[in-house]
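One structure below.
The chains referred to below are lettered A, B, ... by the order of the sequence lines, with proteins before strands, and numbering in each begins at 1. Heavy-atom basis, side chains included; hydrogens, waters and symmetry copies ignored.
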Amino acid sequence: MNIVLDISPGHLDLDTTLRCGQVFRWTRLGDWWFGMLGDVMVKMRQEKQFLNVKTSAAISESKLEDYLRLDDDLGAIIGGLSKDRIFRSVANQVSGLRLLRQDPWECLVSYICSRNCKIAMISRILNNLSQKFGKKVVWKRSVNYCFPEPNALCQAELSEIASCGLRYGKRQAYELKQIAKLVCEGAIDFEILRRMTYSETKKILLSFDHGVGNKVADCVLLFSLEKLEAFPVDVWVGRAVVQLYGKFLGSEFIQRIDRTRHLSARDYGILSEFGQMHFGRYAGYAQEYLYHWTRLQHNACDQ
DNA sequence: ATCCAGGATATCT
DNA sequence: AGATATCATGGA
């Protein structure tokens, strides 16, 4: 199947959007990006304001627009955030980065696996999990794997899950299995979570108690549960906020952050709430721009 | 060899 | 509450 989407000029940079580290299972081969949307293999490439998409099976155009969040008016969102002149200089160096509307189950698993890992390693883990537990899809000369269904992880042995290269071995495999079980039992219903407020949903995510802390919860909220006011803070975002907005945070805070390797719960809260207060309902977009910008500064995007 | 990466959690004081 | 130890991969 063949689809061509007409994007407003400057409102999509596909390379940046797929490579910036919000999502982990797209790979670029030649001019084309390959990935999976559900059980459909998708390849796409951008030619200026046109997005050329080919799929292994029928897929609705609206599904694609939904995934790319084309309902977000990027110009208006970034324009609004750029009333802050510090952010404006960041946005001038990162154009066409869009948040994606990810599948919540895949997003939750992805970020549980992400802790203390580099992006390349997260991709490797998720591809291993998919290859081992996901459905194989063959399309012309390409082979890819669906993301594992919750049921597949429910039934798996811990050692099998851990063998996919998880950073924390069987302990993390256990976390994934427990989360999968909650989804299978219906104790986690993403459609309900999607409709609740940020703080209600976050409280529930944190109550799972299986590898979901502040950072993982905020990523899932932002990238898959429609909470654009979420402001996840990792090492990079922490650095960016301290560097650019340190004057708002106080010198004793800056000194404390400087000395510690990992963010304490308290300092996570201070940074994340600063982001939410300062940037408002599109704080999540601001966060992603800051994240990508500071990684560009440090030449970390190709790692 | 040492350091670091989209951290969470149990166990101290 | 807040600091600390543990979990234990793989690339630079």
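- Residue His298(A) is classed as having no contact, given no heavy-atom separation below 4.0 Å to the nucleic acid.
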Which dot-bracket string describes DNA chain B (Watson-Crick N1-N3 plus N6-O4 or O6-N4, or G-U N1-O2 and O6-N3, all under 3.5 Å; [ ] crossing; | other strand)? .||||.|||||||
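- Legend: ring-ring contact (aromatic ring centres under 6.0 Å, His included) pairs involving residues 238-273 of chain A, not counting sequence neighbours, sorted by first then second residue: Tyr245(A)-Phe274(A), Tyr245(A)-His278(A), Tyr245(A)-Phe279(A), Phe248(A)-Phe274(A), Phe248(A)-His278(A).
- In this structure, CG of Asp234(A) is placed 7 Å from P of dG6(B), rounded to the nearest angstrom.
- The closest side-chain heavy-atom distance from Phe190(A) to Trp105(A) is below 4.5 Å.
- Of all the residues in residues 274-282 of chain A, not one reaches under 4.0 Å from DNA chain B with any non-hydrogen atom.
- Spacing between atom CD1 of Ile122(A) and atom P of dG6(B) amounts to 6 Å, rounded to whole angstrom units.
- A salt bridge (charged side-chain N to carboxylate O under 4.0 Å, His left out) check over residues 39-54 of chain A, counting only residues at least two apart or in different chains, returns the pairs Asp31(A)-Arg45(A), Asp39(A)-Lys135(A), Arg45(A)-Glu47(A).
- Taking only distance into account, the side chain of Gln172(A) never meets the base of dG7(B) through a donor-acceptor pair shorter than 3.5 Å.
- Taking atom CZ on Arg171(A) and atom P on dG7(B), their separation rounds to 15 Å, with Å as the unit.
- The aromatic ring of Tyr111(A) does not sit over the base of dG6(B), since the test of centres under 5.5 Å and planes under 30° is not met.
- Residue contacts shown for Ile119(A) are limited to sugar-phosphate atoms, with no base heavy atom under 4.0 Å away.
- If you take CE of Met121(A) and C1' of dC4(B), they are 12 Å apart, rounded to a whole angstrom.
- Non-hydrogen atoms lying under 4.0 Å from DNA chain B are contributed by Gly211(A), Val212(A), Gly213(A), Asn214(A), Lys215(A), Val216(A), Phe223(A), all within residues 211-223 of chain A.
- Counting any heavy atom pair closer than 4.0 Å across all strands shown, Leu263(A) reaches no nucleic acid atom.
- Of all nucleotides in DNA chain C, those with any atom nearer than 4.0 Å to a heavy atom of chain A start and finish, going 5' to 3', at dG2(C) to dG10(C).
- The closest side-chain heavy-atom distance from Asp103(A) to Tyr67(A) is not below 4.5 Å.
- No engagement by Arg256(A) is indicated, since no non-hydrogen atom pair under 4.0 Å with the nucleic acid exists.
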